[in-house]
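In what follows, every chain begins at residue 1, and chains take the letters A, B, ... in the order their sequences are listed. Here the structure is a predicted model, which means the values were calculated and not measured.
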Amino acid sequence: MVSLAVDITYFVTAFIFIYGLKQMSSPVTARGGIVIAGIAMVAATLITFGVPQIHLALDINMILMLAAIAAGSAVAYISAKRVAMTDMPQMIAMYNGMGGGAAAAIAAVELVKLSSSGESHGLVVQVLAVLGAVIGAVSFSGSGVAFAKLQGLMKKTMRLPFHQFINLGLFAAVCVTGFWIATGHPVSFDHVILFFILAIVLGVMVTLPIGGADMPVVISLFNALTGLAVAFEGFVLNNAAMIIAGTVVGSSGTLLTQLMAKAMNRSLANVLFSSFGSDGGAAVEEDIEGSMKEIQAQDAAIMMAYASNVIIIPGYGMAVAQAQHKLKELEDILESRGVNVKYAIHPVAGRMPGHMNVLLAEAGVEYDKIYDLEDINPQFPQADVALVIGANDVVNPVARSNPDSPIYGMPILDADKAQNTIVIKRGQGAGFSGIENHLFYADNTRMLYGDGQKAVGELISGVKQL
Amino acid sequence: MIEGFTALYIFMLSAFTGYEVISRVPVILHTPLMSGSNFVHGIVLVGAMIALGHAEGTLELAIGFFAVALGAGNAVGGYVATVRMLEMFKSSKGDK
């Protein structure tokens with residue numbers, strides 16, 4: 001009777017998860033979708049206390065379980081409530097890493113159990129447990145590295161000599177130990193320990209050399225991988241809700257990863273096996289013509305106030321400076337003077353596709369003023385002013401012109417084709433990828449140095465004075 | 001019980017479902033969506049609870065505790081982060 005209730009709840013949960021994800025395809029229903037999925041998650045968690053493997057008594061397992069749920073929930077709740085919107089991508093990476101770690105730990109419990117009892121679950125189950133374990137462990141440690149990088153806790157890219165060969169060796173070692181465990185009868189405890197250490201190190205080593213603009217693709221990939229790991233452990237535990245939810249996330253996450261990689265004109269293999277921005281940057285620096293020309297906020301304000309078309313290109317730097325509300329204010333005041341203002345969003349603006357839209361939505365910018373790359377690029381030649389704020393690599397014309405550049409081929413916003421370009425920038429340094437930006441040296445580009453929020457504030461007061 | 005090919009069928013159909021569901025999502029919702037799918041694999045919590053539920057011995061209990069704490073973090077963090085992002089989309093729609 002109880003097991004029937006469990007099965008029914010899991011079935012409904014799986015249905016609601018898919019329905020919830022479907023609801024997310026429109027901004028109007030998206031919130032309802034996640035709320036109903038949340039309710040299903042609570043129901044599935046509660047009904048799980050009724051499965052035969054869990055004894056409904058206040059034994060050590062139950063005490064630990066309740067304590068773990070309380071501790072994990074509390075930490076995640078507080079951190080998720082407090083995190084700034086700009087830091088959302090690394091938090092997603094962290095929560096995703098937790099999921100991967102949980103999947104790997106499930107496998108660890110099952111494999112340790114096999115090694116101590118000397119029993120066998122059969123080849124198929126053990127192979128799936130091992131697959132879920134390695135994918136989960138790689139996602140766990142890899143997401144941790146991604147989090148540390150985006151949070152600024154560690155250097156952007158790190159590379160050992162013969163890095164790819166070391167990774168290849170590690171991967172082979174993980175495969176071998178995994179094979180021993182999967183075919184082990186009984187499973188050797190030492191092999192299990194060695195296997196998990198190798199898998200965790202592999203996750204770190206794979207993520208270390210990846211830097212700069214490639215991070216969102218990697219986080220998305222780890223998200224898909226965690227889904228897959230959850231699905232595999234679902235097979236091991238014979239849990240249909242885990243299999244379905246995990247597989248749905250695995251496939252949708254893979255599609256999302258492909259979309260992101262495509263937006264950056266890079267293949268997944270390229271992202272994973274060549275390090276972005278750590279070399280090559282120096283080579284392109286040399287042949288820059290012209291110089292950076294500074295402009296004062298007052299003059300920039302005049303330029304924009306008497307323009308008829310202005311395109312604003314916000315980047316991550318804008319978000320870091322928390323300038324989105326000021327930007328909206330600038331938009332309003334320009335529009336009151338009859339200036340036509342549009343926003344151009346690069347597919348990877350921010351740290352993830354859609355991240356910038358979230359930040360602009362936070363400031364109350366209307367959807368119909370926000371344009372995608374394909375829609376806005378033909379409009380740049382008609383724009384009197386392109387205002388680049390906190391964006392760098394996504395407006396670097398080198399991506400069109402220099403085949404030696406690491407970002408060559410990446411679609412960019414054609415800010416250089418506007419009549420005038422104003423770049424708001426904190427200092428003269430290079431972008432996230434470390435590549436010099438030729439746009440800054442162009443004849444019709446003027447640099448407005450300063451903190452994003454302050455600079456936009458000066459533009460606003462400049463326009464007001466006219 | 002889910003046996004052999006039945007499991008494979010579930011896997012295949014779920015994979016196509018995930019692909020289809022996502023393919024209609026507009027770019028503006030990609031980040032909340034990634035966060036949302038991140039929440040959905042928080043169902044790993046259920047598996048972690050089962051693993052801890054039948055864990056025996058100190059090592060298994062410790063790993064099981066670790067699993068449940070991480071799984072709960074995944075589910076709760078994924079949910080709160082997604083809702084926070086989607087709430088903003090709602091309000092900006094309401095302004096119009």
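Inter-residue side-chain proximity for B:Met85 and B:Ser35 is flagged as met; some heavy-atom pair is nearer than 4.5 Å. Contact check for A:Asn239 versus A:Glu233: no side-chain heavy atoms found under the 4.5 Å cut-off.
Across B:Gly47, B:Gly57, B:Ala75, B:Ala62, the residue that shares the most heavy-atom pairs under 4.5 angstrom with chain A is B:Gly47. Contacts with chain A were tallied for B:Thr17, B:Leu33, B:Ile43; B:Ile43 has the most, counting heavy-atom pairs under 4.5 Å. For the set A:Asp7, A:Val35, A:Ile370, A:Thr13, the entry with the most heavy-atom pairs within less than 4.5 Å of chain B is A:Val35. Options A:Ala37, A:Ala108, A:Gly246 differ in how many heavy-atom pairs under 4.5 Å they form with chain B, and the most are formed by A:Ala37. Chain A forms more heavy-atom pairs under 4.5 Å with one residue of B:Thr31, B:Thr82, B:Val76, B:Leu13 than with any other, namely B:Thr31. Among A:Ile92, A:Val230, A:Asp59, A:Ile54, the residue making the largest number of heavy-atom pairs under 4.5 Å with chain B is A:Ile92. Residue with the most contacts toward chain B among A:Ile219, A:Thr254, A:Ile244, A:Val236: A:Ile244 (heavy-atom pairs, distance under 4.5 Å). The greatest number of non-hydrogen atom pairs below 4.5 Å with chain B, out of A:Ile78, A:Asp372, A:Val109, is found for A:Val109. In terms of heavy-atom pairs under 4.5 Å with chain B, the best-connected choice from A:Val51, A:Leu237, A:Val75, A:Thr226 is A:Thr226.
There is no contact between A:Val124 and chain B, counting heavy-atom distances below 4.5 Å. Contacts between A:Phe196 and chain B at a heavy-atom distance below 4.5 Å are absent for every atom of the residue. Of the atoms belonging to B:Leu45, it is side-chain heavy atoms, and not backbone ones, that fall under 4.5 Å from chain A. Heavy atoms of B:Leu59 lying under 4.5 Å from chain A belong exclusively to its side chain. For a residue to count as touching a neighbouring chain, one of its non-hydrogen atoms must lie under 4.5 Å from one of that chain's; by this rule A:Ala71 does not touch chain B. Of the atoms belonging to A:Thr45, heavy atoms from both backbone and side chain fall under 4.5 Å from chain B. Both the backbone and the side chain of A:Met242 have a heavy atom closer than 4.5 Å to some heavy atom of chain B. For a residue to count as touching a neighbouring chain, one of its non-hydrogen atoms must lie under 4.5 Å from one of that chain's; by this rule A:Glu110 touches chain B with the side chain only. Of the two parts of A:Ala67, the backbone and the side chain both hold a non-hydrogen atom closer than 4.5 Å to a non-hydrogen atom of chain B.
Only one option out of B:Asn74, B:Val68, B:Leu70 pairs with B:Val44 in a side chain to side chain contact (heavy atoms under 4.5 Å, CB included); it is B:Asn74.
Of all heavy-atom pairs spanning B:Ala81 and A:Tyr95, the tightest one is CB-CE1, 4.3 Å.
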**OP:** For B:Glu56 and A:Ser116, run side-chain contact (heavy atoms from CB on, under 4.5 Å): C-alpha distance rounded to whole Å, both residues' side-chain angles, the deciding distance at 0.1 Å, then the answer.
**Re:** CA-CA 10 Å; B:Glu56 293 158 337; A:Ser116 58; over 6 Å; no

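No more than 12 heavy atoms of other residues, nucleotides or ligands sit less than 6.0 Å from atom OH of A:Tyr77.
Relative ring orientation between B:Phe11 and A:Phe232 is described as parallel, the plane-to-plane angle staying below 30° on a 0-90° scale split at 30° and 60°. Between A:Tyr19 and A:Phe15, the ring planes are parallel. Angles under 30° get that label, and only those over 60° would be called perpendicular.
For A:Ile63, the side chain to side chain contact (heavy atoms under 4.5 Å, CB included) test picks out A:Leu58, with sequence neighbours left out. Remark: A:Thr247 engages no residue in a side-chain hydrogen bond (donor to acceptor under 3.5 Å, both in side chains) (not counting sequence neighbours).
Residues A:Lys369 and A:Glu366 are paired through a salt bridge, judged by an N-O separation under 4.0 Å between the basic side chain and the carboxylate.
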